[in-house]
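Here is the structure we will look at, set down as structure tokens.
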Amino acid sequence: MAYKVTYKDKEDQSVQKKVFTNFTAAEQEARRLDDHGHEDVVLESPRRKPGFPNIVGIMLKAIGVLVLAGGFLIGIVTGRAGQESGFYTKIAMEWWMLALMSAAFFYGMGEIVNLLDRISKKSNT
């Protein structure tokens with residue numbers, strides 16, 4: 001297995017790459033480069049591809065979008081329940097607010113999972 005350390009050189013701002021066969025050596029080099037002031041030091045592991053999306057984060061965001069769409073439709077349907085009396089705005093607004101809060105929660109949790117995954121991939125722990 002090959003571990004890659006990529007970084008931006010502090011002197012000429014060029015992107016450099018070093019390859020190691022040992023994870024410990026690659027980790028030590030990444031720390032040394034970071035301590036010496038080089039920018040964007042990233043340790044890439046062959047076990048984890050950096051471009052692979054996080055399925056849990058994507059699913060949580062999708063649930064958030066579905067909850068928002070479903071809540072909007074349910075609000076319209078329940079608001080029209082008394083067709084002869086007109087549209088019940090208060091009932092519809094309750095559904096819409098509930099859907100908005102629930103969707104924001106799921107979407108936000110999905111974003112948190114994606115950010116934590118990105119941090120984990122960057123540090124490769």
[X] [atom1] to [Y] [atom2] distance, which is reported to the nearest 0.5 Å:
{"X": "Leu33", "Y": "Lys18", "atom1": "CG", "atom2": "NZ", "result": "5.0 Å"}
{"X": "Thr78", "Y": "Phe87", "atom1": "OG1", "atom2": "CZ", "result": "7.0 Å"}
{"X": "Leu98", "Y": "Ile74", "atom1": "CG", "atom2": "CD1", "result": "9.5 Å"}

For Met109, the rest of its hydrophobic cluster, which grows through side-chain links under 4.5 angstrom: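 Under the 4.5 Å side-chain rule, Met109 groups with Val56, Leu60, Ile63, Val67, Phe105, Phe106, Ile112, Val113, Leu116.
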
Other ILVMFWY residues reachable from Leu115 by side-chain steps of under 4.5 Å: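 Traced through the cluster, Leu115 reaches no other member.
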
Main-chain N/O of Phe72 paired to Trp96 side chain as donor or acceptor, under 3.5 Å: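 Looks like yes, one N/O pair under 3.5 Å.
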
Residue pair [X] / [Y]: nearest heavy atoms and the distance that separates them:
{"X": "Thr24", "Y": "Asn22", "result": "N-OD1, 2.9 Å"}
{"X": "Gly64", "Y": "Ala103", "result": "O-CB, 3.1 Å"}
{"X": "Gly75", "Y": "Ala92", "result": "O-CB, 3.3 Å"}
{"X": "Ala2", "Y": "Val19", "result": "CB-CG1, 3.8 Å"}

Flag side-chain contact, heavy atom, 4.5 Å: Val5 against Phe20: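 Yes. Closest side-chain heavy atoms under 4.5 Å.
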
Pairs of donor and acceptor atoms involving the side chains of residues 34-42, under 3.5 Å and at least two apart or interchain, shall be tabulated with distances.
residue	atom	partner	partner atom	Å
His36	ND1	Arg32	O	2.7
His38	ND1	Lys10	N	3.2

Same apolar cluster (I L V M F W Y, side chains within < 4.5 Å links), Ile58/Tyr107: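 Cluster IDs for Ile58 and Tyr107 differ.
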
Parallel, tilted or perpendicular: ring planes of Phe23 versus Tyr3, cut at 30 and 60 degrees: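 Taking Tyr3 first and then Phe23, their aromatic rings stand perpendicular (interplane angle over 60°).
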
